[in-house]
Visitor: 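Before I ask anything, let me first share the structure, which is written out below as structure tokens.
In this text, all values refer to a predicted model and were calculated from it rather than measured experimentally. Throughout, a chain's letter reflects where its sequence line sits, starting with A, and its residues are numbered from 1. Just the heavy atoms: all of them, side chains too, but no hydrogens, waters or symmetry mates, feed the values below.
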Amino acid sequence: MFDNVFDELRYRGFIEQSTDEAVLRDLLTKQKVTSYIGFDPTADSLHVGSLVQIMALYHMQKYGHRPIALFGGGTAMIGDPSGKTELRQMLTRETIGANAESIKKQVGKYIDFSENGTAVAVDNADWLLGLSYIEFLRDIGRNFSVNRMLAAESYKMRMETGLNFIEFNYQILQAYDYLELYRRHKCVLQMGGNDQWGNIVAGIDLIRRMEGAEVYALTTPLVTTASGQKMGKTAQGAVWLDPQRYKPYDFYQYWVNVDDQDVIRFMKLFTIMTPEEIAPYESLEGADLRQAKQRLAFELTAFIHSREDAEEAQKAAEALFGEGGAKAGAPETTVTSEEIGDGMPITALFAKVGLAPSSSEARRMIRGGGLYFKDERVTDERYLVTVKDFSEGDILLRAGKKRYHLVKLQ
RNA sequence: GGGGAGAUUCCAGAGUGGCCAAAUGGGGCAGACUGUAAAUCUGUUGGCGAUGCCUUCGGAGGUUCGAAUCCUCCUCUCCCCA
């Protein structure tokens with residue numbers, strides 16, 4: 001165990017940049033510090049890309065500090081241009097509000113916002129939506145130098161493609177958020193992804209000017225996979241934390257399939273395993289790393305979803321990929337004999353259970369030799385599945401090497 | 001306010017009357033090789049009970065036997081001048 005969060009965060013690889021490291025570390029060692037991280041309610045669920053931020057808050061709370069999760073119901077009306085190439089799609093206020101609620105609930109699973117919990121959840125819509133433009137310009141706006149903002153790297157890219165005035169204000173609003181949280185909650189540390197550095201520092205400057213106080217910044221690395229991909233992007237889209245959107249089994253599989261080079265790094269960043277628990281895995285190499293991947297997947301699934309989900313996913317994976325090849329645990333779909341009728345095209349069946357996005361795609365996969373019916377490669381793309389095929393029980397379908405689906409007849 | 005350029009399939013980006021479901025690259029998916037990894041090579045990449053049919057090239061109309069390509073209007077974006 002570490003005697004302060006800073007050291008633990010550093011060990012786990014959370015720290016990309018920070019303002020005066022020595023001072024910040026000292027502060028986090030000796031006092032209970034209030035810090036915040038913002039989440040954009042642009043969807044009704046967070047995905048693994050936000051996991052780093054959630055874990056950062058989690059560790060803060062673990063050490064008795066007071067983390068604030070800020071849901072950007074106000075700033076989401078605008079959209080952060082940092083690192084993006086174009087204007088974000090505008091969402092309605094209703095959608096944003098609903099998203100914020102939903103995400104708040106989600107984060108609440110990992111961070112304790114309850115009455116006696118130390119953490120706080122806030123929504124910047126509370127103070128941003130009612131702002132008076134003129135007053136805001138007089139009080140806040142005058143503290144920002146356009147010259148300096150334009151010089152910032154995050155805006156430079158957009159200077160090429162065009163930057164809308166509305167987005168240009170994002171940084172100012174985020175800086176104002178920091179000021180508000182400093183005033184309301186004595187929040188003296190803002191964390192966020194490294195792309196937020198400029199925005200955070202803008203807040204620090206604003207607080208120094210307006211309150212004469214010294215506050216801090218700490219950014220986490222923008223986690224990408226070893227192959228350079230953004231975290232959590234798969235063929236099916238983002239890896240959502242919402243079990244409705246992304247099944248715990250698939251979530252587990254996502255982590256089992258991470259690149260060799262990423263396993264240990266991800267263990268440190270995303271799980272609550274202790275350094276002692278992680279250490280043995282660090283020396284593994286080659287195929288043995290699979291053990292580390294399985295542990296990573298288990299720990300994460302248990303933390304994000306539940307222990308039961310993790311055990312189920314693990315069992316299912318063992319059944320499918322281990323020796324024997326039992327079919328327990330694969331996702332299931334039930335079809336009725338009416339649906340099958342005189343015979344259902346095999347392509348339609350694969351499309352129905354979701355192993356192929358469409359019948360046409362199923363047909364292509366068959367031509368490429370990628371679909372399996374009862375463990376046998378499908379060769380006839382016009383094969384009609386009939387009730388007789390179920391005479392020996394459920395049918396196991398497979399697409400590629402790892403995607404299984406069980407079809408039951410009712 | 002004036003002038004110019006542009007909006008193409010998941011992304012980038014060709015195509016400027018039939019040969020276009022639309023080049024090429026990226027990404028995705030699948031096959032081979034493996035360790036449920038990476039890298040590499042190969043195939044594939046709108047939908048459909050399918051040698052054909054249907055929907056797609058910002059939106060709405062129009063010209064034509066035939067339009068992503070031509071015309072009109074609209075929406076949005078970018079650039080230059082003021």
Visitor: At under 4.0 Å, does any side-chain N or O of A/K402 touch on OP1 or OP2 of B/A30?
Guide: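 No, A/K402 has no side-chain N/O under 4.0 Å of OP1/OP2 on B/A30.
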Visitor: Determine whether A/K315 and A/E318 satisfy the following criterion, salt bridge (Lys or Arg N to Asp or Glu O under 4.0 Å), listing intermediate values before the conclusion.
Guide: CA-CA 5 Å; A/K315 237 182 276 167; A/E318 269 167 20; over 6 Å; no
Visitor: Is there a residue in residues 301-309 of chain A whose heavy atoms reach under 4.0 Å of RNA chain B, and which residues are they?
Guide: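 Output list: empty, so none.
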Visitor: B/G35 C1' sits how many Å from A/N257 CG, rounded?
Guide: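 After rounding, the gap between these two atoms is 11 Å.
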Visitor: In whole angstrom, give me the gap between the P atoms of B/U72 and B/U63.
Guide: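 15 Å, rounded to whole Å.
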Visitor: Once the angle between the rings of A/W255 and A/F251 is folded into 0 to 90°, is it parallel (under 30°), tilted (30 to 60°) or perpendicular (over 60°)?
Guide: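 Aromatic pair A/W255/A/F251 classed perpendicular.
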Visitor: Please give, in whole Å, the distance from B/G31 P to A/R367 CZ?
Guide: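 Spelled out: CZ on A/R367 to P on B/G31 is 16 Å.
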Visitor: Using OP1 and OP2 only, check whether a side-chain N or O of A/R364 sits under 4.0 Å from B/G31.
Guide: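 Negative; the distance criterion is not met.
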Visitor: Could you state the OH-C1' distance from A/Y383 to B/G49, rounded to the nearest angstrom?
Guide: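 Atom-to-atom, A/Y383 to B/G49, this comes out as 16 Å.
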Visitor: Work out how far the C1' atom of B/G27 is from that of B/A12, and round it to whole angstrom.
Guide: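 Going atom to atom, C1' in each nucleotide, I get 10 Å.
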Visitor: On the ring face of A/F321, is A/K402 found with NZ or CZ under 6.0 Å from the centre and within 45° of the axis?
Guide: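 Relative to the ring axis of A/F321, which defines the angle, A/K402 lies outside at least one limit.
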Visitor: What integer number of Å spans the P atoms of B/U56 and B/C10?
Guide: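 Straight-line distance between the two P atoms is 13 Å.
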Visitor: On the side chain of A/D288, is there an atom forming a donor-acceptor pair with the base of B/G35 - under 3.5 Å, no angle test?
Guide: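 Checked by distance alone, the answer is no.
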Visitor: Rounding to the closest angstrom, what is the interatomic distance between B/A67 and B/G18 at atom P?
Guide: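 Going atom to atom, P in each nucleotide, I get 11 Å.
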Visitor: Taking only the P atom of each, what is the distance from B/U69 to B/U16 in whole angstrom?
Guide: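 Their P atoms lie roughly 12 Å apart.
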Visitor: Considering only heavy atoms and no angle criterion, is a donor-acceptor pair shorter than 3.5 Å present between the side chain of A/Q253 and the base of B/U36?
Guide: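 Looking at the base of B/U36, it does pair with a donor or acceptor on the side chain of A/Q253 (distance under 3.5 Å).
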Visitor: Checking all strands, does A/L371 fall into the base, sugar-phosphate, or nothing category for heavy-atom contacts under 4.0 angstrom?
Guide: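 No contact at all - A/L371 keeps every heavy atom at 4.0 Å or more from the nucleic acid.
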Visitor: Rounding to an integer number of Å, can you tell me how far A/D250 CG sits from B/U36 C1'?
Guide: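 After rounding, the gap between these two atoms is 13 Å.
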Visitor: With a 3.5 Å limit on both atom pairs, tell me what B/G58 is paired to, counting Watson-Crick and G-U wobble, or say none.
Guide: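 Pairing partner: B/C74.
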Visitor: Which value, in whole Å, describes the distance between the P atoms of nucleotides B/U24 and B/U55?
Guide: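 Here B/U24 and B/U55 have their P atoms 26 Å from each other.
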Visitor: Centre-to-centre under 6.0 Å for A/Y254 and A/Y246, is that the case here?
Guide: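 Ring-ring flag for A/Y254/A/Y246: false, centres at least 6.0 Å apart.
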Visitor: Check the phosphate of B/C29 against A/R403, side-chain N and O only, distance under 4.0 Å to OP1 or OP2. Yes or no?
Guide: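 No.
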Visitor: With rounding to the closest Å, how many angstrom separate the P atoms on B/G62 and B/G13?
Guide: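 Taking atom P in both B/G62 and B/G13, they lie 33 Å apart.
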Visitor: Using the C1' atom in both, what is the distance from B/A21 to B/U75, to the nearest Å?
Guide: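 It works out to 27 Å between them.
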Visitor: Taking CZ from A/F350 and C1' from B/G47, how many angstroms apart are they, rounded to a whole number?
Guide: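 My rounded result for the distance is 19 Å.
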Visitor: Side chain of A/K293: nearest nucleotide among B/A32, B/U36, B/G35?
Guide: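 Of all the options, the side chain of A/K293 is nearest to B/G35.
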Visitor: If you apply the rule salt bridge (Lys or Arg N to Asp or Glu O under 4.0 Å), what do you find for A/E101 with A/K105, and how did you get there?
Guide: CA-CA 6 Å; A/E101 260 321 296; A/K105 223 170 124 193; over 6 Å; no
Visitor: Checking A/K374 side chain against A/D389 main chain: does a donor-acceptor pair fall under 3.5 Å?
Guide: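 Confirmed, A/K374 side chain pairs with A/D389 backbone.
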Visitor: Report yes if a side-chain nitrogen or oxygen of A/S359 is closer than 4.0 Å to either non-bridging phosphate oxygen (OP1 or OP2) of B/G47; otherwise report no.
Guide: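 For A/S359, the contact criterion (side-chain N or O under 4.0 Å from OP1 or OP2 of B/G47) is not met.
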Visitor: Going by the angle between their ring planes, with limits at 30° and 60°, are A/Y36 and A/Y178 parallel, tilted or perpendicular?
Guide: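 Geometry flag for A/Y178 against A/Y36: perpendicular rings.
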Visitor: Could you check whether A/V263 gets within reach of a base, just the sugar-phosphate, or nothing at all, counting any heavy atom under 4.0 Å?
Guide: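 Since no nucleic acid heavy atom lies under 4.0 Å of A/V263, the category is nothing.
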